[in-house]
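Take a look at the structure set out below.
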There are 2 protein chains.
Amino acid sequence: MKLTLEEIGRMAGVSRSTVSRVVNNEKSVRPEVRERVQAVISETGYRPNAAARSLASNRTGVIGLVIPHRVHTLFDDPYFALLIQGVSKACNTAETTLALFIFQTEAEEEELYPRVVAAGNVDGVIVTATRMGDPLLERLTRGDLPFVVVGRPDVAEGITYVDADNIGGARSAALHLCDLGYRRIGYIGAPTNTTAGIDRRTGFLEGLTMCRASPADALMTDGDYTEMSGYRAMQSLLPAEPEAVFVATDTMAIGALRALTEAGVSVPNDMGLISFDGLPPSERSVPKLTTVRQPVTATGARAVELLLGLVNGDILQPVHEVMPTELVIRESCCSARLTETSLTDN
Amino acid sequence: MKLTLEEIGRMAGVSRSTVSRVVNNEKSVRPEVRERVQAVISETGYRPNAAARSLASNRTGVIGLVIPHRVHTLFDDPYFALLIQGVSKACNTAETTLALFIFQTEAEEEELYPRVVAAGNVDGVIVTATRMGDPLLERLTRGDLPFVVVGRPDVAEGITYVDADNIGGARSAALHLCDLGYRRIGYIGAPTNTTAGIDRRTGFLEGLTMCRASPADALMTDGDYTEMSGYRAMQSLLPAEPEAVFVATDTMAIGALRALTEAGVSVPNDMGLISFDGLPPSERSVPKLTTVRQPVTATGARAVELLLGLVNGDILQPVHEVMPTELVIRESCCSARLTETSLTDN
DNA sequence: AGCGCTCTCGGGAGCGCTCCCAAGGAGGGG
DNA sequence: CCCCTCCTTGGGAGCGCTCCCGAGAGCGCT
């Protein structure tokens, strides 16, 4: 038996319209009628047809999460798994369906607009991992589909985004190293064609400046978010003999740690290591990494809330939201150093 | 300007129906007319409205990927990231939209049927990580929505699924250890309320039998797919002094390796280690893990193909598909042992 | 008693597509 | 030359919902 509004109406002795009002929780329905209709609905397990609903209302109840093609190789970075989880969870509570768009090629990415957006498949999209001058972002800005960016976009005007406090977090990491008495501090960064890379670098340098340590070019290099790039970067830094290194992501830090292990450099005894992200692997390494944790799932969830706000018009002005980070002290920095310094000071 | 079939028709001087035929690539349209319509379509960037289309045709062009709530804690297992990638890629090439359903609670999971299926949101679903007597699977079997299971379901009759060759792969791992001369071989398994856990155990035991090694209860234990469970399991196995251990998943093997590192047991010198899955982390550990690789992304892609076949009626009988595995020899088993044995034999 | 207001409810219209039927023209065979 | 068939095209009828308008009932007020 095909259940429709009409059919439910017949069974409850009311019209299609009234059933619709009950389903959509509109007020002007007498309580007793509402109850009667509710009863029929739960008896029959009726659910309004999604397609008909979106055709008539111009709303789909679906939002998209877009993961651009650049990321594909780095998808083993657990960051995205966590982000997806946060987004998914928020979608579930909002009774919204999550459509996932993972692109492996530029061509696929360009299909997004025609195939998904123009067809009206989604009410809005969340975009991650944009890069400087990202054409996707530009395209989105020109269109009128609501969207939220995860991570600060390079041109942010008119764009709603939610980002981690990369600058503040990186600054606190640098300060922490300084506090522990480290002076020759190295840096393995994220690509500077991403705002996260820029911001973490900025924060790191700010931190150094605040404690009057000065960065040396020989101590600074960049990776590309992969574990392997962290591995290589650390190898290239070793000759400069840093006392400690700040690595801009956990995944690269794991790679860096591997390079150190192979080189027989003990962490934290011979070198301090601090990273950024606070993902699960960072507490399963040996030694466990001291890191700046960012709230990844919360970020994803917040992005959904903002997008939904945009979609149903609760939010009218672009919102820029910064999620706080937190320094998580574990085993990869030597607290003995602090003690030494303190003793000297006393 | 709102583009519709009608509008495009007007512009091309034909009717709505003809445009529809062109869009859907039906034959009976004169080539010249077809071309004229095509031209207007690409000029205007027209795309048929998805909602209207599914309302009229009863097909949504969306498939769901369901990840049950049990998995949520183990989501940091890169297996799922790879699976999602495979599924997503296949969806992209098939011009199908992927809806992702990740459930964190049993309650959310139960909402799947009413909210998603009854509302006609998807044409079919792919379900992963089912367990014995999974109520979700049972519900799906009763309904008439096409679905494909990733991993062998415990009752497989009437169900289309695609699974890795867990038995064969585990057997080859056991045989490999035997070949290398290991005799006291330990086993850290996956939960035996999952068919993967059962099958890998079965394969492992088959392998031992084939080379006349006999399993000892003291050498066999199970984890729960998490890294931590692998860590603990290895600790519990250490007193029994196995010469080598087969761990049923990479993630648990990484945990086991961590336990060994902490205990000062060197791999492969003091103990051989082999695992199953062949995920990226297995080649970034120190030492790199010898493992049985299963084709995760291919599995996901195959699941999509099967589901699509089911959806449009190309496949009428349930299909059971087994993906081959491959032994990847790296550093965690001692080939020196083989040499020793060989030497003795000579 | 009459007026106007609010609350409740029903039904028409239409969202943009697919499906189907029928009409018209072209072409082949008797 | 006519009839039958096939190919091509157009348009009607929905798919199941939302939105909107208007009718009727009930109420308080003058």
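Small disclaimer: the values here were computed from a predicted structure and weren't measured. In the text below, chain A, chain B and the rest are named by the order of the sequence lines, each starting its count at 1.
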| request: Report yes if at least one side-chain N or O of B:T18 is closer than 4.0 Å to OP1 or OP2 of D:dG10; otherwise report no. | output: yes
| query | Looking at the side chain of B:V29, which of C:dC17, C:dC15, D:dT9 is the nearest nucleotide? | reply | D:dT9
| Terminal axis angle for the helix from C:dA1-D:dT30 to C:dG30-D:dC1, five pairs an end, nearest 10 degrees | 50°
| Shortest side-chain distance from B:N49, nucleotide among C:dT8, D:dG11, C:dG16 | C:dG16
| query | Which nucleotide sits closest to the side chain of A:L55: C:dG16, C:dC17, D:dT18? | reply | C:dG16
| message | Considering every strand and a 4.0 Å limit on heavy-atom distances, what is the contact class for B:S57: base, sugar-phosphate, or nothing? | response | sugar-phosphate
| query | Looking just at side-chain N and O atoms, do B:N121 and A:R47 make a donor-acceptor pair shorter than 3.5 Å? | reply | no
| Taking only N and O in the side chain of A:R53, is any of them less than 4.0 Å away from OP1 or OP2 of D:dG16? | no
| query | Does C:dC15 have OP1 or OP2 sitting under 4.0 Å from an N or O in the side chain of A:N58? | reply | no
| field | Out of D:dG12, D:dT9, C:dG14, whichever nucleotide has its closest atom nearest the side chain of A:A56 | value | C:dG14
| query | Which sits closer to the 5' end of DNA chain C, A:S15 or B:R21, going by the nucleotide each is nearest to? | reply | A:S15
| said: For a quick check of understanding: with a heavy-atom distance under 4.0 Å over all strands, which category does B:S28 fall into, base, sugar-phosphate or nothing? | reply: base
| Within the modelled atom types, does a donor on one side and an acceptor on the other bring the side chain of A:R59 and the base of D:dT18 under 3.5 Å apart? | no
| said: Does atom CG (B:D314) have a neighbourhood of more than 12 heavy atoms from anything else shown, all under 6.0 Å? | reply: yes
| said: Which nucleotide wins on minimum distance to the side chain of A:S20, given the candidates C:dT18, D:dT18, C:dG10? | reply: D:dT18
| said: Would B:S88 and A:L100 count as a side-chain contact (heavy atoms from CB on, under 4.5 Å) here? Give the steps. | reply: CA-CA 8 Å; B:S88 162; A:L100 188 63; 5.5 Å; no
| In this structure, are over 12 heavy atoms from other groups packed under 6.0 Å from B:D154 atom CG? | yes
| task | Tell whether B:R16 reaches the base of C:dT18 with its side chain through a donor-acceptor pair below 3.5 angstrom. | result | yes
| task | For A:T4, report the nucleic acid contact type (base, sugar-phosphate, nothing); a contact means any heavy atom under 4.0 Å. | result | sugar-phosphate
| query | Got more than 12 heavy atoms from elsewhere within 6.0 Å of CD, B:E35? | reply | no
| task | Take the protein atom CG of B:L5 and the nucleotide atom C1' of C:dG14, then report the distance between them rounded to whole Å. | result | 16 Å
| query | Looking only at side-chain N and O atoms, does A:K27 come under 4.0 Å of OP1 or OP2 in C:dC7? | reply | no
| query | Are A:Y46 and D:dC17 close enough that a side-chain N or O sits under 4.0 Å from OP1 or OP2? | reply | yes
| Is a donor on one side and an acceptor on the other found under 3.5 Å between the side chain of A:N92 and the backbone of B:I102? | yes
| request: Would you confirm whether B:R21, through its side chain, and B:R34, through its main-chain N or O, come within 3.5 Å as a donor-acceptor pair? | output: no
